[in-house]
Structures are given as C-alpha cells and as structure tokens.
Visitor: 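Sharing a structure here in structure tokens format.
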Amino acid sequence: VQLQASGGGLVQAGGSLRLSCAASGRTFSKCAMGWFRQAPGKEREFVAAISWSGGSTYYADSVKGRFTISRDNAKNTVYLQMNSLKPEDTAVYYCAASNLARTVRLYEYDYWGQGTLVTVSS
C-alpha cells in the first residue's frame, strides 16, 4: 500500500482543514487506517484511527470532539476533518495503514505516507 497525504496548510486558530490520504493497492479496504502527527522536537503521536470497515473510530483525547476520521473504500481514501484548530495542533500529519483490522498503536502500522504540514497560527 502506498499512501499520499494532502490538505495541510496554514490556518488561524479556530479554523478548519480537511486532510486526505489517497492509497494505492488492492488491500486498502482490508486495512485499518490512522492519522498520526509529529510536532517539532516531539515524538510522533496517535491522532485518530478507523477500522477497515469504517464501523469503528478512535481518537486521542486531545482531538476528541474536534477531529473526525472517515474513509471511502470505493475511492481508496481516508480523511481527517479538523475543526476548532489550536496552535498546539501544529505538526506534520502522517497517514498510515495497518494490516490489522483495527489498531491505535503506532508500531502496528505497516505503511506510511510522506506527511503534510499543518500550521495553526494564534
């Protein structure tokens, strides 16, 4: 599975962005998908994940109620809708795919995209 993330950019605090991750490969619909982020000087952290069917979603406490993950298996694409953005959301956002049906653990993700930068100004 190859992943291409897009949709990052500069936004003011309180604004919104939608990230997209396009996947290639016939196994996309069987993969759990996740979004992770890495701020300067910090470790990569979990943001959100969705099961292969889309029936289950998981969120980090820091984004719960503000971010929404979704997927369209017909389009081989996963999305991250980010609302009420805060300066502390500034990071490079990575999409990832796991051969498992569902997981939130970074080390259980097998394929990674190149990342897209999100900058939230105060």
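Side chains are part of it too, since the values below use all heavy atoms of this structure and drop only hydrogens, waters and symmetry mates.
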Visitor: Quick one: does any side-chain atom of Thr116 pair with a main-chain N or O of Ser6 as donor and acceptor, under 3.5 Å?
Guide: no
Visitor: Which atoms form the tightest heavy-atom contact between Gly115 and Val92, and what is the distance?
Guide: CA-CG1, 3.8 Å
Visitor: When rounded to the nearest 0.5 angstrom, what is the spacing between CH2 in Trp35 and CE in Met82?
Guide: 8.0 Å
Visitor: According to a 4.5 Å side-chain heavy-atom criterion applied to Ile, Leu, Val, Met, Phe, Trp and Tyr, with indirect links allowed, do Tyr79 and Leu19 form part of one hydrophobic cluster?
Guide: no
Visitor: Which atom names give the shortest non-hydrogen contact between Ala13 and Ser122, and what distance separates them?
Guide: CB-CA, 4.3 Å
Visitor: Quick one: CZ on Phe67 to CZ on Arg37, what's the gap to the nearest 0.5 Å?
Guide: 5.5 Å
Visitor: Measuring from atom OG of Ser98 to atom OH of Tyr111, what distance do you get when rounded to the nearest 0.5 angstrom?
Guide: 9.0 Å
Visitor: Answer yes or no: is there a donor N or O on one side and an acceptor on the other, between the side chain of Tyr59 and the main chain of Ile69, under 3.5 Å?
Guide: yes
Visitor: Taking all non-hydrogen atoms of both residues, which atom of Asn83 and which atom of Ser16 are closest, and how far apart?
Guide: OD1-OG, 2.9 Å
Visitor: Ignoring hydrogens, what is the shortest heavy-atom contact between Asp72 and Phe28? Give both atom names and the distance.
Guide: O-CE2, 4.2 Å
Visitor: Rounded to the nearest 0.5 Å, what separates atom OH in Tyr93 from atom CG in Leu17?
Guide: 9.0 Å
Visitor: When the aromatic ring centroids of Tyr109 and Phe36 are compared, is their separation below 6.0 Å?
Guide: yes
Visitor: Check whether Asn99 reaches the backbone of Thr27 with its side chain - one donor and one acceptor, N or O, closer than 3.5 Å.
Guide: no
Visitor: Using only atom types and a distance under 3.5 Å, with no angle test, would you say the side chain of Thr90 pairs donor to acceptor with the backbone of Val120?
Guide: yes
Visitor: If we ignore hydrogens and angles and just use 3.5 Å, is the side chain of Arg66 paired with the main-chain N or O of Ser84 as donor and acceptor?
Guide: yes
Visitor: State whether a side-chain donor-acceptor pair under 3.5 Å links Thr103 with Glu108.
Guide: yes
Visitor: Under 4.0 Å between a Lys/Arg side-chain N and an Asp/Glu carboxylate O for Lys64 and Asp61?
Guide: yes
Visitor: Please determine whether side-chain contact (heavy atoms from CB on, under 4.5 Å) holds for the pair Trp112 and Gln2, giving the CA-CA distance in whole Å, both sets of side-chain angles, and the decisive distance to 0.1 Å.
Guide: CA-CA 7 Å; Trp112 292 83; Gln2 293 184 322; over 6 Å; no
Visitor: Could you tell me whether a side-chain N or O of Gln4 sits under 3.5 Å from a main-chain N or O of Gly113, the two making a donor and an acceptor?
Guide: no
Visitor: To the nearest 0.5 Å, what is the distance between OG1 (Thr77) and CE (Met33)?
Guide: 9.0 Å
Visitor: Supply the atom-to-atom distance Arg71 CZ to Leu80 CG, rounded to the nearest 0.5 angstrom.
Guide: 13.5 Å
Visitor: Using every non-hydrogen atom in the two residues, find where Cys31 and Val1 come nearest and quote the distance to one decimal.
Guide: SG-CG2, 4.3 Å
Visitor: Do you know the tightest heavy-atom contact between Trp52 and Ser29?
Guide: CE3-O, 3.2 Å
Visitor: Please check if the number of heavy atoms outside Glu88 that lie under 6.0 Å from its CD is greater than 12.
Guide: yes
Visitor: For Val78 and Ile50, run side-chain contact (heavy atoms from CB on, under 4.5 Å): C-alpha distance rounded to whole Å, both residues' side-chain angles, the deciding distance at 0.1 Å, then the answer.
Guide: CA-CA 9 Å; Val78 63; Ile50 188 167; 4.2 Å; yes
